[in-house]
There are 2 protein chains.
Amino acid sequence: MQNPITVLFEPYGRRVKVKIGTSIFEAARRAGIKLRSGCGGKGLCGKCKVIIADKKAVENLTEAERSHLSLEEINAGYRLACLTILKTDATVMVPEESRVGALKIQAFGEELLPPLDPAVKKYYITLTEPTLSDAKPDMERVVSMLERNYGLKGLKMEIGVLRELPRLLRKANWKVTVTVLNDERIIAVEGGNTTDKLLGLALDLGTSKIVGCLVDLNEGKTLAVSFIENPQILYGEDVISRITFVSDNRGKLKILHKQLIDGINEVINHACAHAGASHRNVYEAVVVGNTAMHHFFLGLPVKNVAVSPFTPVLRKPVNVKPREMGLRIHPEGNIHALPLIAGFVGADALADALSSRISESKELSLLLDVGTNTEIFLGNSEDMLSCSCASGPAFEGSHVKHGMKAITGAIEKVSINPDSDFDVTYETIGEAAPLGLCGSAMVDVLAELFKWGIINNRGRFNVKLKTPRLRTFDGNTEFVIVWKDESGTGRDITVTQKDINEIQLAKAAVFAGCWILMKRKNVQLNDLHQVLIAGSFGSYINPENAKIAGLVPDVATEKIKFVGNAALSGAKMALISKEERKKAEELSKKIRYLELATDNDFPIEFADAMFIPHKNLSRFPRVKNKLKILG
Amino acid sequence: MQNPITVLFEPYGRRVKVKIGTSIFEAARRAGIKLRSGCGGKGLCGKCKVIIADKKAVENLTEAERSHLSLEEINAGYRLACLTILKTDATVMVPEESRVGALKIQAFGEELLPPLDPAVKKYYITLTEPTLSDAKPDMERVVSMLERNYGLKGLKMEIGVLRELPRLLRKANWKVTVTVLNDERIIAVEGGNTTDKLLGLALDLGTSKIVGCLVDLNEGKTLAVSFIENPQILYGEDVISRITFVSDNRGKLKILHKQLIDGINEVINHACAHAGASHRNVYEAVVVGNTAMHHFFLGLPVKNVAVSPFTPVLRKPVNVKPREMGLRIHPEGNIHALPLIAGFVGADALADALSSRISESKELSLLLDVGTNTEIFLGNSEDMLSCSCASGPAFEGSHVKHGMKAITGAIEKVSINPDSDFDVTYETIGEAAPLGLCGSAMVDVLAELFKWGIINNRGRFNVKLKTPRLRTFDGNTEFVIVWKDESGTGRDITVTQKDINEIQLAKAAVFAGCWILMKRKNVQLNDLHQVLIAGSFGSYINPENAKIAGLVPDVATEKIKFVGNAALSGAKMALISKEERKKAEELSKKIRYLELATDNDFPIEFADAMFIPHKNLSRFPRVKNKLKILG
């Protein structure tokens, strides 16, 4: 190849060599990265947007691109991959919107849906024109018709709607669709019959990801799920660093608030574009998130959440108008933030508890939402106890050498064959060439390495083991999961001694939390009816390995269930059903909170849980048995 | 006098000659104009503010003045009269706030006040600091204390309050005062005990005047009344011209809306300054105004109010947040606009009906609110009928050669002595030198001129009459009320033939309206228990002359009562009592509206009422009798 140039595709970290004059679209294809496209790379659909950091690396912007990109996008370095010709080495960022198959995140069970009864409803009415003998005011004309036809009494109308009403009624020839919130307030009047356009948004504000789920409120159907990295990540990977950055400073709080809102608006834009919907037909958003994200979202001071006694500003549900928050849904609609439980058990955890129905059964359930912070619930319809533990970002792909988020190319399952020279079998998201390890793979790695004696119960590599996959350079030992010729990055994908330690820290925190809740409620292993695992990595985890790794209590494997993004499910349930919203508020009052920071047993429990699966093997009878069988 | 200079004081139109080096305060004293002062002109109190158009006419601003004036005021040409030394001829504007005795407008009966039960209430509470064993969120801490101590349940808190709450509670050492609206929403939390600072504002938005009444909601006491000319006057003297200017144009509507809000904010500033209060302690405003002003205020499209079938946007009461309107009271407080009755019977008229209690008695009352537009009510507790008539701005001082508003220097009473060469006796507001005639004087003039044969029953001057007061130049006849040597303007104050006609048009419209209501309800003259006259000129009118002029039905004089600015009274009542607010809403539904524009009898009734007192003298039996006695 004459004068080859190298193109690096991010966030995949994949490199490819191509000739000068190649289009980015073609280079991506050769790198095995699929870009969205509706026209097959002919410059017609405008979907294969990419971001070029260095404008000099490519030929100038074409007229055809100008017509597909906004001025804002052009300034941000956006190009269409199919029309952008490479001149030199380049780094190409593939934004979320242009990736194919990356939305692994949306998994949640539609079958759990409660009966439809959303807070926003639409009514199509035909009015008679005013005359001198019936000069009833415009608003009363609308309101009395809704009372007559639908029994809605004492409806109020937003001032913003009143200001447009006279013009609209006359332009629409007195045939209009009225959107009503909580059978109380008229939040929109639209010309003609628009009853089929009634959308809502369920939003999960995670520390690392913002996920939005666009829902058709007439049918309860999910139309689109969209997510972005939390843009606040610039100010700290975890919420504590963000809170420290903000401290008592109103200006800094505004920055983080604004950034979050901008990010959410991006999610809304993606979701609406995907569903072919207008953001003005999204009338309500139900929002969940941990306490810090909840406060950032509402622009509430977060400082006290991070310092003892960890006091949030409020716990109750909050309703705010979208236009007061700058959220890009219908300006007169509603934002409903679900209630919290405590400083470190937020609305997202509450939504987990809601959607999993654990508080509606007499049987005891343990529910874990694993993330940078892991929330744990233990209880039943009689009593619920909760706690929160700092599990760190290892399961989210950070602080681990080849860790990555659960996007296309991430290894999600790993198994090791001890009989075939520790050969590794793996599965990747989107069946793409492997790029790194996501959370579920790390649990597998810990369990598999331990099961086959590659690490001991303290997590130390058995350096005496003879296999090319285990190697030591400069005193650093690592195990090769994927050889470079198979990997999508062109490098070996490995797990280091430091990685193992990070995973141990994470799993130890989670298990110690579970065990202390069981202790406080006097619950024995066999009293547990089910162990539910929520969180973005939950759906792909191997339950057997979760026990061997010592992440969760050692119950019968069939008792371990994965509930996916249960927080988003809970938000969606509260979005489509007022009854669920009421339940959420009752739950937030009912669930007791245990502060691990002041729990005397926690330090020792945490230390013991650093072992694999645990220092005290009698707590893991089933794993102990299995290990015996394996020898 | 060496080098005398001339100083013109506005809006009095009074000139005075003084020496160079005289202070404006001294010049005003010599001109007979009293300025407000708490220190007697020593530069200490900062109350004698005046506005100088030409800065070169006076010595430079002193340091002492700088300390009393805001930067905004300095830029607008404000000075302290006692510290400003004249250099050359000057024009001095005396702003409302510096005038003494000019607030004739506030007259309303405090004795009518309903029991105090305002929508906003304050509670002083002392909270315990959060601890790890009681980490209740800040909001819940406040709310649960209010529930425990005052039985307030399910209180919500404005997001704006939540955002400040954590900082405030800690700074105030957990001793705070909470302001609650409608036992529902927490609209403010203040450090320490501020329960004595609980203010409200009653606002009357007139076509020509904006009047604000600052009320202590703990005692129901009026602390200050302030008013300004309606700044919208630039876009038309009457509301129809303003509506025509705006038409369907959103931008123009915004201009008029903004101008009104700015004007109201000025009224609030004046009233707060006068009462030594902070605008942040004003938590609620109750607003009345005619339908057009009501719509302009709320930013609602007004076009349809002016074209058949005269449909307002709404009639119901409206609640809006001050910060959404830019109104300078507490941003999270409440603005309550009282309901309307119909396109031309607005919230001001409703407030008249409310404060006069006419709908609570079995006796029949006739109530008139006389202004550019005159609203009339006839009825009792069983039934109420209302109408509106275009009486024009004559009674407000416009379209009349020497007409003026009811401010200091305005002649408010006139009587003519036929035995002493038609000598005129008059009284002025503030006992100042006469500057012109206000509405009540015009009624006197019409009656007196007619009584003594100076005009006939068609309003034509009897030019044969021999008196120097009656004179004709170039075919224009006029009657001299005040000779120039007595007047404060240095010119004769006269009433012209054209003026007489304007007053006739105004009074004819009012009487025709009254008579048609009586006809429609089958009410005879003697069925009327009382005739109430509201409006800014109401308090000073001569009831006998009102009948002779043919302005009101000819009932026994003791049945005619003046209720002053009853609209402002009604607004104040609704401000200090939730019960009155409820009554207002019920009234707005109960009062029927009669459209005079489509009434077949109106044109002929109007034409007949142009006569003095009326074409059909049998309708004025008492006047007829009196005229007989006078011969």
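Letters A, B, ... mirror the listed sequences (proteins, then strands); counts begin at 1. All heavy atoms count here, side chains included; hydrogens, waters and symmetry mates do not.
Looking only at heavy-atom pairs under 4.5 Å with chain A, the residue among Ile159(B), Asn304(B), Leu300(B), Leu165(B) that has the most is Asn304(B). For chain A, the option among Lys156(B), Lys136(B), Glu158(B), Glu164(B) with the highest count of heavy-atom pairs below 4.5 Å is Glu164(B). Interface remark: of the candidates Arg167(B), Met139(B), Met325(B), Lys316(B), Arg167(B) forms the most heavy-atom pairs closer than 4.5 Å to chain A. Interface check for chain A: of the options Leu298(B), Val320(B), Leu340(B), the most heavy-atom pairs under 4.5 Å are formed by Leu298(B). Your options are Ser133(B), Gly160(B), Ala597(B), Pro301(B), and the one with the most heavy-atom pairs under 4.5 Å with chain A is Pro301(B). Of the residues considered (Pro312(A), Pro130(A), Ala342(A), Ser308(A)), Pro312(A) shows the highest number of contacts with chain B, using heavy-atom pairs under 4.5 Å.
Shown here are the salt bridge (charged side-chain N to carboxylate O under 4.0 Å, His left out) partners of Glu332(B), two or more places apart in sequence or in another chain: Arg323(B). The salt bridge (charged side-chain N to carboxylate O under 4.0 Å, His left out) test applied to Glu140(B) returns no partner, not counting sequence neighbours.
Scanning both residues, Phe377(A) and Leu350(A), for their nearest heavy atoms gives CZ-N, 4.2 Å.
A salt bridge links Asp599(B) to Arg520(B): one of the charged nitrogens lies within less than 4.0 Å of a carboxylate oxygen. Contact check on Asp138(A) versus Arg315(B) returns no salt bridge, with no Lys/Arg side-chain nitrogen under 4.0 Å from an Asp/Glu carboxylate oxygen. Using a 4.0 Å cut-off between a side-chain N of Lys or Arg and a carboxylate O of Asp or Glu, Glu190(B) and Arg280(B) do not qualify as a salt bridge.
Under the ring pair (Phe, Tyr, Trp, His ring centres under 6.0 Å) criterion, the residue pairs touching residues 298-337 of chain B are Tyr283(B)-His330(B), Phe310(B)-Phe344(B), with sequence neighbours excluded.
Residue Val313(B) touches chain A through both its backbone and its side chain, counting heavy-atom pairs closer than 4.5 Å. Looking at Arg141(B), there are no atoms closer than 4.5 Å to chain A (heavy atoms on both sides), in backbone or side chain. Contact of Met157(B) with chain A is not made at all, since no heavy-atom distance falls under 4.5 Å. Proximity to chain A (any heavy atom under 4.5 Å) is shown, for Lys303(B), by neither the backbone nor the side chain. Contacts between Thr598(B) and chain A at a heavy-atom distance below 4.5 Å involve the side chain alone, from C-beta outward.
Here the side chains of Val345(A) and Ser388(A) are in contact, with some heavy-atom distance below 4.5 Å. Taking 4.5 Å as the limit, every side-chain heavy atom of Val288(A) sits out of range of all side-chain heavy atoms of Leu203(A).
Along residues 245-254 of chain B, the residues that come nearer than 4.5 angstrom to chain A, judged on non-hydrogen atoms, are Asp248(B), Arg250(B) in order of number.
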Full working for side chain to side chain contact (heavy atoms under 4.5 Å, CB included) between Thr179(B) and Tyr123(B): CA-CA 6 Å; Thr179(B) 310; Tyr123(B) 303 94; over 6 Å; no
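Here the straight-line distance linking atom CG of Asn182(B) with atom CG of Asn319(B) works out to 7.0 Å at 0.5 Å rounding.
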